Amino acid sequence: FPIRRKAETMEKEITNFFTSTLVESLENLKTDSKSEWGTMTAKQMLIHLTQSSKMMHLENTKLLIKEKYIEKAIAFLYTDKAISKGIDIPKDIGYNFDNAITEDIEQLKTELFNSTTTMLNFLTKNTDFRAVHPFFGELTAEQWLLFQKKHFTHHLSQFGLL
């Protein structure tokens, strides 16, 4: 019973993060918002997170982590530790866009909200879903949600939004 309560609490926290915290924090993001670290612009970050929310459906099989570190990497998802700043991610894995972004920032925010809602609905309904993440190995639906919350927190913090 305590384990079920913990899972329910975690699911509520994750749902609240994507339906409330994300929406509220992005209200303060403007086209000219500057990052506190890294090289992404505000628009690039929104596109990156939108792509990230769809990543589990790309049928990735490429592992960039050594097999012996997977268990430790997945355990990290269950901690309160933040993703390190300034990690160098290969462009083809990390994000895929050019600098000629034509959408305005509000349009990109809407695309992100729609994408995260779809992701959240899918992962909470398909609890037996599994897919490979390049830095964590095969993740369950719950682990994908934990990863995405950490990942989104990382980038929202990058722009001083959390």
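Keep in mind that this is a model prediction, so the values were computed, not measured. Index from 1, following the sequence.
Checked against ring-ring contact (aromatic ring centres under 6.0 Å, His included), F136 has the following partners two or more places apart in sequence or in another chain: H133, F147. In this view, E11 satisfies the side-chain hydrogen bond (donor to acceptor under 3.5 Å, both in side chains) rule with no residue, not counting sequence neighbours. Under the side-chain contact (heavy atoms from CB on, under 4.5 Å) criterion, T118 pairs with no residue at all, not counting sequence neighbours. In this structure F122 satisfies the ring-ring contact (aromatic ring centres under 6.0 Å, His included) test together with H57, F129, sequence neighbours excluded. By the side-chain hydrogen bond (donor to acceptor under 3.5 Å, both in side chains) test, K149 is found to be paired with no residue, residues two or more places apart in sequence or in another chain being considered. Listed by chain and residue number, Q143 satisfy the side-chain hydrogen bond (donor to acceptor under 3.5 Å, both in side chains) test with T140 (two or more places apart in sequence, or in another chain). For K66, the side-chain contact (heavy atoms from CB on, under 4.5 Å) test picks out K68, Y69, with sequence neighbours left out. Under the rule for a salt bridge (Lys or Arg N to Asp or Glu O under 4.0 Å), E111 has no partner lying at least two apart in sequence or in another chain. Partners of H155 under the ring-ring contact (aromatic ring centres under 6.0 Å, His included) rule, at least two apart in sequence or in another chain, are H48, H151. With sequence neighbours left out, the side-chain hydrogen bond (donor to acceptor under 3.5 Å, both in side chains) criterion links T102 to no other residue. Every residue two or more places apart in sequence or in another chain was checked for a ring-ring contact (aromatic ring centres under 6.0 Å, His included) with F159, and none qualifies.
For residues 15-33, no pair satisfies salt bridge (Lys or Arg N to Asp or Glu O under 4.0 Å), with sequence neighbours left out.
Under a cutoff of 6.0 Å and an axis angle of 45°, K150 and F76 form a cation-pi pair.
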- Task: Any chance you could lay out the side chain to side chain donor-acceptor pair (under 3.5 Å) test for Q148 and S52, step after step, and finish with the verdict?
- Result: CA-CA 8 Å; Q148 293 292 8; S52 176; 2.7 Å; yes
